[in-house]
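For reference, the structure discussed in these notes is given below.
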Amino acid sequence: FSPFFLPLHPSSAVHRSGPSGDRGGSGALRGAMPLRQVAAWALGPALLAAFVVSGAAVCRRASDIGTKATGIAADVDEADGGRISAEVLCGEDAAAAAARIATHKRTAMEDSKAVLRVATTLHALLARERETGEIGYLPPKMLDEGTPQERFRELKTGGMHSRRANDHAKKGEYKDAVADLLRPLLRPNVDETARDKLMATMKEFLRRAAKERASKAKDGDLSDLFDAMGIDDNIHDLTEVDQSALKGVYRKLSVKYHPDKNPDAAPRFNRIRDAYEILSDPVKTLLYDTGGAELVRKYEGESTDIEKGDDFEVDVQVDLQDVYTGTSWAFQQKRRVVCRSCRLQPTLPRCRKCRRCPGEMRERQRWIDHMHYTVEEYEVPSDEMCTHEEQDLTIVVEKGMFAGDRIVYANKASQKPKQVPGDVIGHLLINEHPLFKRVGNDLVIDVAVSLYEALMGFERTLAHLDGHVVRFSVPRGAVTRPGSGLGKT
C-alpha cells in the first residue's frame, strides 16, 4: 500500500496551543505538517494507525527499550529552582517515565503531587501523539515482554494496580511500584477516596526509595557526588578528577542555588557543597569511594582509627649552585592506585592487569593453652582491585635550602582502600663545590695571596655560582693577616 500524498498548502500548518488551547501541552509549536499527518488527513482517520505502524518507528531494536528517547518530552520546574527534562523512553508510558524520574538518584522526587504532575504532563503528550501519530510511538500493551516478568501494563481496577505495586515494593522495586500507582491516577473520574489512598501509598514508597538511596550513599558511591554536581561520572580511577573543571562547575552552581538568592534551594545547595568538599580533596575522594561518608568524617575529625600508608622516600641530589639559584628535579614514581573501573565495569580491557588490593590487617588472639595466648596479625582480603601507574613528580628545590631538608608531597604515595595514602618525601643532598663552601647562609672561599699582596694590597675577581662576576680587594697600605676574612655582600 503506497499512499498518495497531497501537496502541502501553506495554510495547512499545525498549531499547538498552550495550556488553555484545545490540544493542551506546555507550549506552542508552529511548523509544516508532517507528511504522515497530511496523508492521514487526506485519506481519513481510519488509516491513521496503519501510518503509525508503517512509518519510521522510533523504537526499532530491542536494545532501544529503556534507553532511547522517543522525542516525547517536557521541561518540568522543580520547587528548589532547578529544572529537569521529563522524557518518555522506548517501552515506557507516562507512569513509567514519571516513576523513573522520581526514583533516579539524579532527579529524585519525594513529593507525590509533583510526580503526578509530571505523569499528567507526559500523559497528555502521549494522548496527542496517539491522535496525530507525528512521532510514531505508542506504549506497549505488555511490560517486560518476552521475559518471565511479562505482564499487562494496564489492569482493570485501581485495586489490582495497588496490589501489584505492593508486590514490587516488597522486592525493593520502587520504580515499578510508583508506576503502578500512577496508572490508575491518570484515569478520568478517579474516586476521591481511592485517589487519596493511592497518593498516600505513593508518598510512602517514595520515602522508602529515598531511604534506600541514603543507605547506599553511606557505602560511598562516587556517582552520587557527580550527580549532585551535575557532571558526568567518567573517571576510571581516583586520580582522574579534573580539579579546575570541578571548581568552575562548583562556582556556577553555588551562585545559582545559594540560599540567599534562592531560599527553596537550600537542600540542593548543601548537597552540592558536600559533594565538592569530597571531590576536591583526593584523600577524601579515596576514603569516600572505598569506605563511605563515615570514614570521611573520621578523617575530618583527625581520628586515630584511620591508618596512613607507607611513605615513599627518595634522595634528591643537587649541586651547590642549584641551591643558590633554585631548581626543579623531575622523576617518575611507580605507585599503586585503586581501580574504580574494576568495580563498575570489570570487563574493560584496562582492567586485565589489575590485581586485588592489599587486604586490611587486623589482630586476633590465638590461645596456646588454657592459660596463655598470643596476639597475631591476619589479613582480611580486600574487595577492591588495584593497578599500578607511573606518576610524574617534580620536586622544587627553593633558593637557600639546606642539606637534609625534606620536600613533602602529601598523600602522593601508593593507595590502599580505606587508608590515607602516605607521602612522597624528598631528602635534599648537596654535592660539595670545589671552590665555595657554605657556612649557614654565607658562602666562603679560600684565597691564597703572596707576601707582597698581603703587605701592599691586591684586587681579585671570580665567577659566582650564578655566573656573575664578583670583584673584591684590599687597599694599598692595609696589611692582610693569615686567616683574616673579607666580606662581600
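If you're wondering where the values come from, they're calculated on a predicted model, not measured in any experiment.
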> Distance from Leu143 atom CG to Ile65 atom CD1, nearest 0.5 Å?
Replying inline: 10.5 Å
> Short question: side chain of Arg153, backbone of Pro140 - any donor-acceptor pair under 3.5 Å?
Replying inline: yes
> With side chains defined as the heavy atoms from C-beta onward, is the minimum distance between His388 and Val337 less than 4.5 Å?
Replying inline: no
>> Could you work out, with salt bridge (Lys or Arg N to Asp or Glu O under 4.0 Å) as the rule, every residue matching Arg100, not counting sequence neighbours?
In response: Glu92
> What pair of heavy atoms forms the shortest contact from Ala228 to Ala275, and how long is it?
Replying inline: CB-CB, 4.0 Å
> Got more than 12 heavy atoms from elsewhere within 6.0 Å of CG, Asp310?
Replying inline: no
>> Between Leu225 and Thr285, is there a side-chain heavy-atom distance shorter than 4.5 Å?
In response: no
> side-chain contact (heavy atoms from CB on, under 4.5 Å) between Met109 and Ile101: does it pass, once the steps are laid out?
Replying inline: CA-CA 8 Å; Met109 304 164 69; Ile101 293 167; 4.1 Å; yes
> Do NZ/NE/NH1/NH2 and the carboxylate oxygens of Asp64 and Arg61 come within less than 4.0 Å?
Replying inline: yes
> Near Arg251 CZ, under 6.0 Å, is it more than 12 heavy atoms from other residues, nucleotides or ligands?
Replying inline: no
> So do the side chains of Thr120 and Leu116 get within less than 4.5 Å of each other, counting heavy atoms only?
Replying inline: yes
>> Quick one, Arg195 and Leu185 - any side-chain contact, counting heavy atoms below 4.5 Å?
In response: yes
> Among side-chain atoms of Gln317 and Asn431, is any donor-acceptor pair under 3.5 angstrom?
Replying inline: yes
>> I'd like to know if the side chain of Tyr299 reaches the main chain of Glu294, judged simply by a donor and an acceptor atom lying under 3.5 Å from each other, with no hydrogens or angles considered.
In response: no
> Tell me, do Trp329 and Val314 make a side-chain contact under 4.5 Å, heavy atoms counted?
Replying inline: yes
> With distance as the sole test, does Tyr137 use its side chain to make a donor-acceptor pair with the main-chain N or O of Gly91 at under 3.5 Å?
Replying inline: yes
> Are more than 12 heavy atoms from other residues, nucleotides or ligands located less than 6.0 Å from atom NZ of Lys252?
Replying inline: no
> Got a salt bridge between Arg187 and Glu154, using NZ or NE/NH1/NH2 to carboxylate O under 4.0 Å?
Replying inline: yes
> Atom CG of Leu206 and atom CE of Met199: how far apart are they, to the nearest 0.5 Å?
Replying inline: 9.0 Å
>> Using a 3.5 Å distance criterion without hydrogens, assess whether the side chain of Glu384 forms a donor-acceptor pair with backbone atoms of Cys357.
In response: no
>> Is there a side-chain contact (heavy atoms from CB on, under 4.5 Å) between Ile72 and Glu129? Walk through the geometry before answering.
In response: CA-CA 8 Å; Ile72 299 171; Glu129 166 63 19; 4.1 Å; yes
> Does Lys412 come within less than 4.0 Å of Asp423, counting only side-chain N to carboxylate O?
Replying inline: no
>> Test your reading of the model: is there a side-chain donor-acceptor pair from Asp196 to the backbone of Thr193, 3.5 Å cut-off?
In response: no
> Is the backbone N or O of Gln149 less than 3.5 Å from a side-chain atom of Arg151, with the two atoms forming a donor-acceptor pair by type?
Replying inline: yes
>> Can you confirm whether Gln332 is buried at CD, in the sense that more than 12 heavy atoms of other residues, nucleotides or ligands lie under 6.0 Å from that atom?
In response: yes
> Any chance the rings of Phe269 and Tyr257 have centres within less than 6.0 Å?
Replying inline: no
> Any donor and acceptor pair, going by atom type alone, linking the side chain of Ser328 with main-chain N or O of Ile395 inside 3.5 Å?
Replying inline: no
> So how far is it from Gln243 CD to Asp281 CG, rounded to the nearest 0.5 Å?
Replying inline: 8.5 Å
> With no hydrogens and no angle check, is any side-chain donor or acceptor of Ser162 less than 3.5 Å from a backbone partner on Gly158?
Replying inline: no
>> Quick one, Glu360 and Ser382 - any side-chain contact, counting heavy atoms below 4.5 Å?
In response: no
>> The test is side-chain contact (heavy atoms from CB on, under 4.5 Å); show your working for Leu393 and Val424 and say whether it passes.
In response: CA-CA 9 Å; Leu393 287 177; Val424 173; 3.8 Å; yes
>> Under the side chain to side chain contact (heavy atoms under 4.5 Å, CB included) test against Gln321, which residue among Asp466, Leu465, Thr327 passes?
In response: Leu465
> Are His168 and Tyr174 close enough that their ring centres sit under 6.0 Å apart?
Replying inline: no
> Taking atom CD of Glu377 and atom CD of Glu363, what is their separation to the nearest 0.5 Å?
Replying inline: 5.5 Å
>> Run His427 and Asp315 through side chain to side chain donor-acceptor pair (under 3.5 Å) and show every step you take.
In response: CA-CA 5 Å; His427 295 276; Asp315 291 337; 5.6 Å; no
> Does the side-chain contact (heavy atoms from CB on, under 4.5 Å) test come out yes or no for Tyr250 and Arg273, once each step is laid out?
Replying inline: CA-CA 8 Å; Tyr250 175 68; Arg273 181 200 58 206; 4.1 Å; yes
> Taking only residues two or more places apart in sequence, or in another chain, which ones meet Gln419 in a side-chain contact (heavy atoms from CB on, under 4.5 Å)?
Replying inline: Glu307, Lys416
> Does Lys334 come within less than 4.0 Å of Glu389, counting only side-chain N to carboxylate O?
Replying inline: no
>> I'd like to know if Glu204 and Arg207 make a salt bridge, using a cut-off of under 4.0 Å between side-chain N and carboxylate O.
In response: yes
> Got more than 12 heavy atoms from elsewhere within 6.0 Å of CZ, Phe152?
Replying inline: no
> Going by distance alone, is a donor N or O of one side chain under 3.5 Å from an acceptor N or O of the other, for Ser244 and Asp242?
Replying inline: yes
> Centre of Phe402's six-membered ring, under 6.0 Å away, within 45 degrees of the axis: is that where NZ or CZ of Arg438 sits?
Replying inline: yes
>> Between Glu173 and Lys175 (salt bridge meaning N to carboxylate O under 4.0 Å), is one present in this structure?
In response: no
>> Using the rule given for salt bridge (Lys or Arg N to Asp or Glu O under 4.0 Å), can you reason through Arg297 versus Glu300, listing the C-alpha separation, both sets of side-chain angles and the distance that settles it, and then say yes or no?
In response: CA-CA 5 Å; Arg297 283 192 285 271; Glu300 292 173 335; over 6 Å; no
> Just by modelled atom types, is the Arg336 backbone N or O under 3.5 Å from a matching donor or acceptor in the Ser414 side chain?
Replying inline: yes
>> Looking at Lys284, I'd like to know if its NZ atom is crowded, meaning that more than 12 non-hydrogen atoms belonging to other residues, nucleotides or ligands lie closer than 6.0 Å.
In response: yes
> Would you say the side chain of Ile425 lies within less than 4.5 Å of the side chain of Phe312, judging by non-hydrogen atoms?
Replying inline: no
>> Just so I know, are the side chains of Asn411 and Pro282 near enough to count as touching, which here means a heavy-atom distance under 4.5 Å?
In response: no
> With a cut-off of 6.0 Å (strictly less than), are more than 12 heavy atoms of other residues, nucleotides or ligands near CD of Glu313?
Replying inline: yes
>> Taking the two cysteines Cys386 and Cys339, do their sulfur (SG) atoms come closer than 2.5 angstrom to each other?
In response: no
> Is a salt bridge present between Asp93 and Arg183, judged by a nitrogen-to-oxygen distance below 4.0 Å?
Replying inline: yes
>> Tell me whether Glu379 contacts the main-chain N or O of Arg362 through its side chain, where contact means a donor paired with an acceptor under 3.5 Å.
In response: no
> Who passes disulfide bond (SG atoms under 2.5 Å apart) against Cys354, sequence neighbours left out?
Replying inline: none
> So among Leu181, Asp176, Leu155, which one has a side chain to side chain contact (heavy atoms under 4.5 Å, CB included) with Arg164?
Replying inline: Leu155
